[in-house]
Q: 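Would you mind keeping the following structure in view while I ask a few things?
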Amino acid sequence: MAASSAKRRHKVRRRADMSLLGGIRPPIAVLSALLLSLAGITALGFGRAGEESVPKAVMTSQQRFAEDGAVAMRASIDESAADLARTAGLFNAGDPAQPDAVVDKIGSVYQKWVGTAVVEISSGRMLAARGENVPVAAIDTSKLSEKDGLSPRMVRLANGETRLLSLQLLSWKGQPQQLLIASSSLRFPGISLGKFRSIAVIDSTGRILSSDGIPESEQVLTEDQRTGVERSKKQLSAFAKVAAKRAEEHPLKANDPGEGGYLGVSGSLRGDTFQGDRAVAGYAALTGPEPGKGTVATSLGLTVVAMVDVAEDPTRVTDPLFGLLAAGALLLIGALAVGVLLGTVQRPLLRLFLESRRLTRDDLTRPVSVPRFGEAARIGQALERLRRQLLGERADAEGAGGPKSGRRGRIGARALLAVSGILLLVWSAPMLLLLNRADATAVVPEQITNDQRERTDTLSDRVRRSLNEGHADLVSVAGLLGERTSPEDMTKVLDRTRSDHSRYRSLYVRTGDGKIIAQSGESPRLPEDKKSENKDGHPFADPITVLNDSGTEPVIASYAELPGRDGSTVIGEFRIDFINSLLKRPGLGEIRVVDAERRVLGGNTGYLAFEKLPSARLTELAAGTSQKTGISARAGGIVYRDGGGVQVAGAAPFVGGGAAKSLNWMVVSWQPAAGLAIPEYSLQNRTVLAGLLGITAAAACLGWLHIIVVRPLREVAKQAEALADGDRRTVLYPRHHDEVGAISRSLELLRQQVLEQRKRDGAGATAPAAVRAPAGRN
């Protein structure tokens, strides 16, 4: 038995000699290091929240503007190429047509090309032409059969302008093959520039192919204006060179992670100052709508550059005094919190560790130094009672060394941790909830409001043009469905049209009495038995309309009359997802398409069809913007300030011709200013971040301390009191190899010493009786 006890004591002593893992020192040390780091970040970081005279939000807005231009340019070029290819395919599928009829038909349906021509390939003879002279000499007809021989190409004219030529073949059996050529300028379709903005499209070398927004020198009146024009041209050329070089980078390297939204290379540039204004620009290379998917437009290597002059405000720089004061307060409060932990938790625990080790070495002459607070005091009292018991005192006696376990420290280690946490919360909570609130003081740059308005106007025009393009497709299809076209052939044409364009959910041919004789796609939503609604025999009053006024989604349809078929029409129903996809532009917040009654028809985020706009102010903005100013209504932008914060909003009605004009729709967009990189909000975000970091550091380190030290310490305190009260059977096992574990191991050694002492005392008491027994018998 003694050998087994000695073996256990040797094992416990060997564990006590192991290096401490964790313990009370690491969490307090880590907390101190984190608070020092946070103080340094606070002192250095707050001064940089607004040190740029042109806010980052303005620079990002120019990048988004250039991306809008690149998306519009790519969509326009691809749409033109697809329309020309589809039109040529429809002509090739029918009877041979005269060249003049071909160019006349194209010109009557589409107004996107500045010039069209039909050339006989074998002889090179011009057969028909309309509009601007097409540079036919730039096309080598002998290479059309080669790979990419029919790819679009850019041609520079003698006057310096650039034309994009799209090519398609016209082939009929028994006739010479012909080449259909369409020439278009590289100008931006429907881009709203506003005031003082210019935009250009450049090639891979940085040469400007087309520009808009900068007047010619002879168009201005004063010498200062001419100087400004020359300066703008030089600055745009300089931006073009830099943008072309950066456009060669990989998108993941060129764009910052998290910028989102645009798949190609894009960014912003800062230029020189002129009369207090600084030139800033955004650039974006044309890229496909899907990752890794190229288009006709992306093969041209074009890049869009948008430039605007922004008024600088050199006074908009954050005062670093707040950061210094906040850092000093954190150092003071942090030192006090760490001091509480060191003085009331760490130091008493280390003292108990040394005292318990002293008792295990049989140094019982000096009383135990008992701490004053909490679990440490309870353990100290238990150690003192054990010391006295080893000196011969009974376990149930109360001596001068201290009372039994009935008296305990009122303030425990958890309360001391709570005090430290409250001290750190005194600094973190105001930073998180109260200080540097920006809603009342934020100054939204005027350029942000202008960009919100102009980008919304551009988006509105893009939706209108897409609907017009859809109606033009139907007109083109209707012109090819003659009197002798069978329903089977009609279905083939409809299938081809729907496969070429993703905008339609359904295409069908409907007679004047409501009967559907050809169909492609999903089931029509226009009732088949419904008679024509107007005196002309058309299925509905306007070329494009919404067929319903309730339900889960609006049914938007367009029609075109078939010539010579007694009121028969081809009807196309648009996919609402197609319209919603046009609205997915980053940097504009929430976007909605609303009708003339301000009911929502589409959006870039979740919405309910035919619901009202989410706030009365947005409804008022939409109503005010729809009012005509002069010839037509104009887009509007505004900044709202209310209980919900600061909000930037824009609204733009459909302005322009085409079949979609009669819809009287508009696009409304809004976003919270808190999401923009404005100096006041940047300062607020950094303040909130500092508060979050402070709370996180306190919670992590104090929680670590509670789990690793305080909880085991409370358990050891209970075991120590039970041992001092006479419980000799419970074996004490350390949870961790740290200071608390070392105290637990020392208590186990003391328990074994008390047991051995009791055995020795019991043996000494029984030995004389055994000796006297024989004498009594004598």
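Basis for what follows: all heavy atoms, side chains included, without hydrogens, waters or symmetry-related copies.
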Q: Could you check if a side-chain atom of Val71 sits within less than 4.5 angstrom of a side-chain atom of Thr287, using non-hydrogen atoms only?
A: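 In short, these two side chains do not touch, never coming nearer than 4.5 Å.
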Q: Ignoring hydrogens, what is the shortest heavy-atom contact between Asn580 and Gly603? Give both atom names and the distance.
A: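 Minimum heavy-atom separation between Asn580 and Gly603: OD1-N, 3.0 Å.
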Q: Once you round to the nearest 0.5 Å, how far does CZ of Arg351 lie from CD1 of Ile379?
A: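 So the gap between those two atoms works out to 13.5 Å.
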Q: Looking only at side-chain N and O atoms, does Asn436 offer a donor or acceptor that is under 3.5 Å from a partner on Tyr681?
A: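 Judged by distance alone, the side chains do not pair up.
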Q: Any side-chain to backbone donor/acceptor pair from Arg385 onto Ala724? Under 3.5 Å, distance only.
A: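 Yes; judged by distance alone, with no hydrogens or angles, the pair exists.
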Q: Does a side-chain N-to-carboxylate-O contact under 4.0 Å join Lys718 and Glu721?
A: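 Salt bridge flag = no for Glu721 with Lys718.
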Q: Does the side chain of Leu601 reach to within under 4.5 Å of the side chain of Tyr607, using non-hydrogen atoms?
A: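 Heavy-atom side-chain distance check fails, nothing below 4.5 Å.
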Q: Between Val593 and Leu583, is any pair of side-chain heavy atoms under 4.5 Å apart?
A: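 A side-chain contact exists here, since the closest heavy-atom pair is under 4.5 Å.
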Q: Hey, is the main chain of Asn604 close enough, under 3.5 Å, to the side chain of Glu590 for a donor-acceptor pair?
A: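 A pair under 3.5 Å: no.
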Q: Please report the shortest heavy-atom distance between Cys701 and Val30, naming the atom on each side.
A: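 For Cys701 and Val30, the tightest heavy-atom pair comes out as SG-CG1, 3.9 Å.
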Q: For residues Leu341 and Leu705, report the shortest heavy-atom separation together with the two atoms involved.
A: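 Shortest heavy-atom separation between Leu341 and Leu705 comes out as CD2-CD2, 4.1 Å.
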Q: Where the side chain of Gln452 meets the backbone of Leu588, is there a donor-acceptor pair that is under 3.5 Å apart?
A: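 Looks like yes, one N/O pair under 3.5 Å.
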Q: Counting heavy atoms not belonging to Arg599, are there more than 12 under 6.0 Å from its CZ?
A: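 Counting other residues, nucleotides and ligands, CZ of Arg599 exceeds 12 neighbours.
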Q: Do you know the tightest heavy-atom contact between Leu432 and Val688?
A: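 Answer, listing the atom of Leu432 first, then Val688: CD1-CG1, 3.5 Å.
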Q: Under a 3.5 Å distance rule, please check whether Glu375 uses its side chain to pair with a backbone N or O of Ala413 as donor and acceptor.
A: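 Yes, Glu375 side chain to Ala413 backbone: donor-acceptor pair under 3.5 Å.
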Q: Quick check: do Ser61 and Ile448 have side-chain heavy atoms less than 4.5 Å from each other?
A: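 With C-beta onward as the side chain, the pair touches.
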Q: Would Arg735 and Val740 satisfy side-chain contact (heavy atoms from CB on, under 4.5 Å), going step by step from the backbone distance to the final call?
A: CA-CA 8 Å; Arg735 290 189 179 182; Val740 179; over 6 Å; no
Q: Can Arg455 and Ser192 be counted as having a side-chain donor-acceptor contact under 3.5 angstrom?
A: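 Their side chains do not contain a donor-acceptor pair, so the 3.5 Å distance test is not met.
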Q: Hey, is Arg585 close enough to Asp68 for a salt bridge, meaning N to O under 4.0 Å?
A: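 Salt bridge flag = yes for Asp68 with Arg585.
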Q: Verify whether one side chain among Ser669 and Thr456 offers a donor that lies under 3.5 Å from an acceptor in the other.
A: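 Result is yes, a qualifying pair exists.
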Q: Rounded to the nearest 0.5 Å, what's the gap from CG on Leu747 to OG on Ser356? Could you check?
A: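 Those atoms lie 7.0 Å apart.
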Q: When you compare the side chain of Val594 with that of Trp665, does any pair of heavy atoms fall below 4.5 Å?
A: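 Not touching, per the 4.5 Å side-chain cut-off.
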Q: Under 4.0 Å between a Lys/Arg side-chain N and an Asp/Glu carboxylate O for Asp451 and Arg197?
A: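 Arg197 and Asp451: salt-bridged.
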Q: Out of curiosity, Leu582 CG to Arg462 CZ, how far, rounded to the nearest 0.5 Å?
A: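 The CG atom of Leu582 sits 5.0 Å away from the CZ atom of Arg462.
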Q: Would Glu249 and Arg246 count as a salt bridge (charged side-chain N to carboxylate O under 4.0 Å, His left out) here? Give the steps.
A: CA-CA 6 Å; Glu249 301 179 13; Arg246 294 191 179 182; 5.2 Å; no
Q: Atom OG of Ser615 and atom CG of Leu621: how far apart are they, to the nearest 0.5 Å?
A: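 Result: 9.0 Å between the selected atoms.
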Q: Does some side-chain heavy atom of Leu416 sit less than 4.5 Å from a side-chain heavy atom of Val710?
A: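 Answer no - side chains too far apart.
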Q: Is the closest basic N to carboxylate O distance between Arg358 and Glu355 below 4.0 Å?
A: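 Salt bridge present between Arg358 and Glu355.
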Q: Would Trp427 and Leu331 satisfy side-chain contact (heavy atoms from CB on, under 4.5 Å), going step by step from the backbone distance to the final call?
A: CA-CA 10 Å; Trp427 185 87; Leu331 290 176; over 6 Å; no
Q: Take Ile638 and Thr449 through the side-chain contact (heavy atoms from CB on, under 4.5 Å) test and state the conclusion after the steps.
A: CA-CA 6 Å; Ile638 195 169; Thr449 308; 5.7 Å; no
Q: Counting only heavy atoms from other residues, nucleotides and ligands, does the tally under 6.0 Å from NZ of Lys245 exceed 12?
A: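 No.
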Q: Quick one: does any side-chain atom of Thr303 pair with a main-chain N or O of Ala284 as donor and acceptor, under 3.5 Å?
A: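 Answer holds: no.
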Q: Are Thr619 and Lys612 close enough that some pair of their side-chain heavy atoms sits under 4.5 Å apart?
A: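 Thr619 does not reach Lys612 side chain to side chain.
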Q: Quick check: does any side chain N or O of Thr625 sit under 3.5 Å from a backbone N or O of Ala622, one acting as donor and the other as acceptor?
A: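 No; judged by distance alone, with no hydrogens or angles, the pair does not exist.
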Q: With no hydrogens and no angle check, is any side-chain donor or acceptor of Tyr262 less than 3.5 Å from a backbone partner on Ala285?
A: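 Yes, the answer is positive, given that a donor and an acceptor are paired below the 3.5 Å cut-off.
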Q: Would you give the length of the straight line joining atom OG1 of Thr687 to atom CZ of Phe322, rounded to the nearest 0.5 angstrom?
A: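 Reported to 0.5 Å precision, the distance equals 4.5 Å.
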Q: What heavy-atom pair brings Ala382 and Ala720 nearest, and what distance separates the two atoms?
A: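 Taking every non-hydrogen atom into account, CB-O, 3.4 Å.
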Q: Are the side chain of Gln235 and the backbone N or O of Asp272 linked by a donor-acceptor pair below 3.5 Å?
A: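 Such a contact is found between Gln235 side chain and Asp272 backbone.
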Q: Between Val310 and Val308, is a side-chain contact (heavy atoms from CB on, under 4.5 Å) present by the stated rule, with each step listed?
A: CA-CA 6 Å; Val310 178; Val308 69; 4.0 Å; yes
Q: Look only at the side chain of Arg714 and the backbone of Pro712, and say whether a donor-acceptor pair between them is shorter than 3.5 Å.
A: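 Checking the backbone N and O of Pro712 against the side chain of Arg714, no donor-acceptor pair under 3.5 Å is found.
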Q: Determine the minimum heavy-atom distance between Arg641 and Val444, stating which atoms define it.
A: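 Taking Arg641 first and Val444 second, the nearest heavy atoms are NH2-N, 4.4 Å.
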Q: Can you measure from CG (Leu702) to CG (Leu417) and round to the nearest 0.5 angstrom?
A: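 Spacing of CG (Leu702) from CG (Leu417) equals 6.0 Å.
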Q: Using side-chain heavy atoms (C-beta onward) and a distance below 4.5 Å, is Leu193 in contact with Ser198?
A: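 No; the side chains remain at least 4.5 Å from each other.
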Q: For atom CD of Glu611, decide whether the heavy atoms of other residues, nucleotides or ligands shown that lie under 6.0 angstrom number more than 12.
A: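 Enclosed.
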Q: Do we see a donor-acceptor contact under 3.5 Å between the side chains of Ser268 and Gln62?
A: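 Gln62 and Ser268 do not have a side-chain donor-acceptor pair below 3.5 Å.
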Q: Determine, for Glu739 against Arg25, whether the closest basic-nitrogen to carboxylate-oxygen distance falls under 4.0 angstrom.
A: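 Answer for the salt bridge query: yes.
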